[in-house]
Student: 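Take this structure, written in structure tokens, and hold onto it; I'll ask about it next.
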Amino acid sequence: MAQDLHLPKVEICKEACISCTACDDACPTDVIRMGKDGYPFAMYEEDCQGCFICEWDCPVGAIKIRITRWYEAEE
């Protein structure tokens with residue numbers, strides 16, 4: 001039987017971002033961090049729980065969370 005894995009992918013559009021830090025402040029797992037360039041990035045993307053809070057809190061829609069479904073065969 002295959003195991004169904006859902007892996008979140010954090011996509012940040014720097015062209016749309018206004019560097020307001022709302023996503024960094026909102027992230028409950030501390031995945032989103034502000035970089036030295038003033039823009040957010042996903043520091044620990046593998047820890048993302050796909051809660052969408054950063055996406056919902058972004059005032060300009062610069063963040064999207066994509067959930068990818070992977071299938072991994074059980075041994």
Student: Taking only residues two or more places apart in sequence, or in another chain, which ones meet R66 in a side chain to side chain contact (heavy atoms under 4.5 Å, CB included)?
Tutor: K9, E11, K64
Student: Quick check on the hydrophobic clustering: are I12 and W56 connected, directly or via other members, by side-chain heavy-atom contacts under 4.5 Å?
Tutor: yes
Student: Apply the test side chain to side chain contact (heavy atoms under 4.5 Å, CB included) to residues C54 and I65: give CA-CA distance (whole Å), side-chain angles for both, the deciding distance (0.1 Å), then the verdict.
Tutor: CA-CA 9 Å; C54 60; I65 303 298; 3.7 Å; yes
Student: Rounded at 0.5 Å granularity, tell me how far SG in C13 sits from CD1 in I63.
Tutor: 10.5 Å
Student: Could you walk me through whether I32 and V10 pass the side chain to side chain contact (heavy atoms under 4.5 Å, CB included) test, one step at a time?
Tutor: CA-CA 9 Å; I32 305 291; V10 180; 3.7 Å; yes
Student: Just list the side-chain donor-acceptor pairs under 3.5 Å for residues 34-42, sequence neighbours left out, or say none.
Tutor:
| residue | atom | partner | partner atom | Å |
| --- | --- | --- | --- | --- |
| D37 | OD1 | Y39 | N | 3.0 |
| D37 | OD2 | K14 | NZ | 2.9 |

Student: For P8 and G50, work out which heavy atoms get closest and say how close.
Tutor: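 For P8 versus G50, the nearest heavy atoms are CG-N, 3.7 Å.
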Student: Do the non-hydrogen side-chain atoms of C27 and I53 ever get within less than 4.5 Å of each other?
Tutor: no
Student: L7, V31: one ILVMFWY side-chain cluster at the under-4.5 Å cut-off?
Tutor: no
Student: With sequence neighbours left out, what residues match Q49 under side chain to side chain contact (heavy atoms under 4.5 Å, CB included)?
Tutor: T29
Student: What heavy-atom pair brings Y44 and D30 nearest, and what distance separates the two atoms?
Tutor: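 Smallest interatomic distance, heavy atoms only, reads CD1-O, 4.0 Å.
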